[in-house]
Amino acid sequence: MKRFDISLLRILAMLMVTFTHCIDPYIFGDLSIWNFGIIQISKYRQIQMFIHAIDIPIFCFISGYLYEYMRCKHAKYSNTISFLVGKAKILLIPYLFWYIFICIIFPERCSIKGIVYSIDHLWFLLMLMWCFTFASLTINFWEKSSPSINIMAFILFSSLFTLFNKFNLLTQLFCIDMFILYFPIFFLGILFAKYHIFTLIEKRVHTALYFVGFMLSLFALFIFTSDNFSSYTLSRLMGIIITIICGGYLYKIRQKLIFLSNPILKSLDENCIGIYLLHLIIILFLFESNFVIQFMNQHTIIAPILLFLTSLLSSWGTSILIRKTSIYIIIR
């Protein structure tokens, strides 16, 4: 049976990621790869951090959740080697293809060492490959461990980024730093699927509690959103809580989400990864135009919205076309 709750979470995360990239030029103009001559707006930084505390955690959570759900519910991924080879095709082939593509079209964004340090939004693919690899290679530990041991493992994983950051042990090589940052959320998704937590709380939590918890978490996230490291850590925690609340509520009403079987929404779900890979490239193409730059500077509120709609629709359409060809693997 199609998990419409997961589909909706994936769509929402993809839309949030796409939008944040449309306001990034207003935030990171001091970085060479974002220096397009667009004015800086400090308020957009808080909006970007607010959204970013939710969007990537959702992607990581549902990736871990689906890994364990498909493994247990549908008896998949029993062969670790074939599983990792399959994930390498899905994640590393698009990574290499789009890395080369970006380097050819936008050489100023690339460097020789960039292929092992990633570039732009492609880091997500490397990070996710690390998550699947580590989870599958340690399956004998967490599969046989008690819930309390696995919870302790989650807490330990969650502490590593702060610890490594404090002692300057993090490295961007192959996006290992991003793996350390986001694997705990991936692992949390595994635990939710393994212990059927959404099923356990489905009848025990009233709909009103989801709403109250969601609003309180959003308010707390707004309060904690800043560049201060302690506030950043708390905002990440709020992002995880919001992800869990949204996941639990959508699981509770999953039978009411049949509207997602609509061909348009179904297509949007199927092309989420394609949209993720293509939208930023389209944005970079648009920034080659002086007219677009001037419009972004003159209409700082409407311009990001129009950029979002343009990049979303064009990347969606392009993804649909590519999926119909023999090279569809570059956007899987």
Side-chain angles (χ1 to χ4, degrees), residues 1-20 47 49-74 131 147 150-151 154-155 158 182-225 234-262 264-273 275-276 312:
M1 180 180 177
K2 178 72 172 178
R3 289 292 301 270
F4 290 119
D5 53 327
I6 299 296
S7 294
L8 186 54
L9 280 174
R10 182 164 44 234
I11 291 172
L12 290 174
M14 178 273 297
L15 293 176
M16 286 189 285
V17 169
T18 303
F19 180 75
T20 57
I47 295 174
M49 293 183 67
F50 181 89
I51 297 175
H52 197 52
I54 305 172
D55 55 6
I56 299 300
I58 289 179
F59 268 131
C60 293
F61 181 87
I62 63 178
S63 294
Y65 183 93
L66 285 176
Y67 167 67
E68 178 65 3
Y69 176 79
M70 297 300 290
R71 197 182 67 83
C72 294
K73 185 79 172 179
H74 299 282
C131 288
N150 279 325
I151 291 173
F154 166 73
I155 294 173
S158 300
Y182 286 110
F183 179 75
I185 307 174
F186 183 95
F187 187 61
L188 187 64
I190 289 178
L191 297 184
F192 265 69
K194 176 177 173 57
Y195 300 120
H196 310 287
I197 295 178
F198 285 144
T199 301
L200 293 176
I201 66 177
E202 180 181 5
K203 296 181 180 180
R204 292 175 173 82
V205 179
H206 193 273
T207 301
L209 290 179
Y210 285 109
F211 177 77
V212 172
F214 179 74
M215 295 306 296
L216 289 176
S217 299
L218 279 182
F219 178 74
L221 176 58
F222 177 78
I223 296 298
F224 293 134
T225 299
L234 291 172
S235 70
R236 287 191 64 244
L237 176 61
M238 290 301 104
I240 295 172
I241 292 174
I242 290 171
T243 297
I244 293 172
I245 292 174
C246 291
Y249 177 70
L250 292 178
Y251 182 83
K252 185 180 181 68
I253 65 168
R254 62 192 181 282
Q255 294 180 350
K256 299 179 181 180
L257 300 177
I258 191 66
F259 66 88
L260 289 170
S261 60
N262 175 281
I264 295 178
L265 294 177
K266 182 180 178 181
S267 172
L268 188 60
D269 179 33
E270 292 174 345
N271 288 281
C272 272
I273 295 300
I275 293 171
Y276 177 86
L312 172 65

Over all atoms of both residues, closest heavy-atom pair of G248 and F198 | N-CE2, 3.3 Å
Quick one: CG on L221 to CD1 on I240, what's the gap to the nearest 0.5 Å?
-> 11.5 Å
Pairs meeting criterion side chain to side chain donor-acceptor pair (under 3.5 Å) with involvement of residues 205-222, two or more places apart | none
Between L250 and L257 the two heavy atoms that sit nearest each other are O-CD1, 3.9 Å
Measure the CD1-CZ distance between I185 and R236 for me, rounded to the nearest 0.5 Å.
-> 5.0 Å
dist I241:CD1 -> L218:CG (nearest 0.5 Å) comes out at 11.0 Å
With sequence neighbours left out, the residues meeting side chain to side chain contact (heavy atoms under 4.5 Å, CB included) with V212 are L216
Spatial distance of atom CD1 (I6) from atom CD1 (I62) [nearest 0.5 Å] = 6.0 Å
Minimal heavy-atom distance between M14 and I275, with the atoms involved, is SD-CG2, 3.4 Å
Spacing of CZ belonging to F154 relative to CZ belonging to F183, to within rounding of 0.5 Å | 10.5 Å
What residues form a side chain to side chain contact (heavy atoms under 4.5 Å, CB included) with F222, not counting sequence neighbours?
-> Q46, F50
Who passes salt bridge (Lys or Arg N to Asp or Glu O under 4.0 Å) against D269, sequence neighbours left out?
-> K2, R10
Minimum heavy-atom distance F214-I245, with the two atoms named | N-CD1, 3.7 Å
side-chain contact (heavy atoms from CB on, under 4.5 Å), paired with F4, selected from L260, I253, L265, L9 = L260
Interatomic spacing from CD in Q255 to CG in D5 - rounded to 0.5 Å = 10.5 Å
Side-chain donor-acceptor pairs of residues 52-61 under 3.5 Å, sequence neighbours excluded:
residue: H52; atom: ND1; partner: D55; partner atom: OD1; Å: 3.3

For Y276, the side chain to side chain donor-acceptor pair (under 3.5 Å) test, sequence neighbours excluded, returns none
Pairs meeting criterion side chain to side chain donor-acceptor pair (under 3.5 Å) with involvement of residues 237-250, two or more places apart | none
Close side-chain approach of I197 to I244, heavy-atom, < 4.5 Å | no
Sequence neighbours left out, what pairs pass side chain to side chain donor-acceptor pair (under 3.5 Å) with at least one residue falling in residues 183-202?
-> N150-Y195, T199-Y251, E202-R254
Non-hydrogen atoms of V205 and L209 that approach each other most closely = CG1-CB, 3.8 Å
Which atom pair, heavy atoms only, marks the closest approach of E68 to I190?
-> CG-O, 3.5 Å
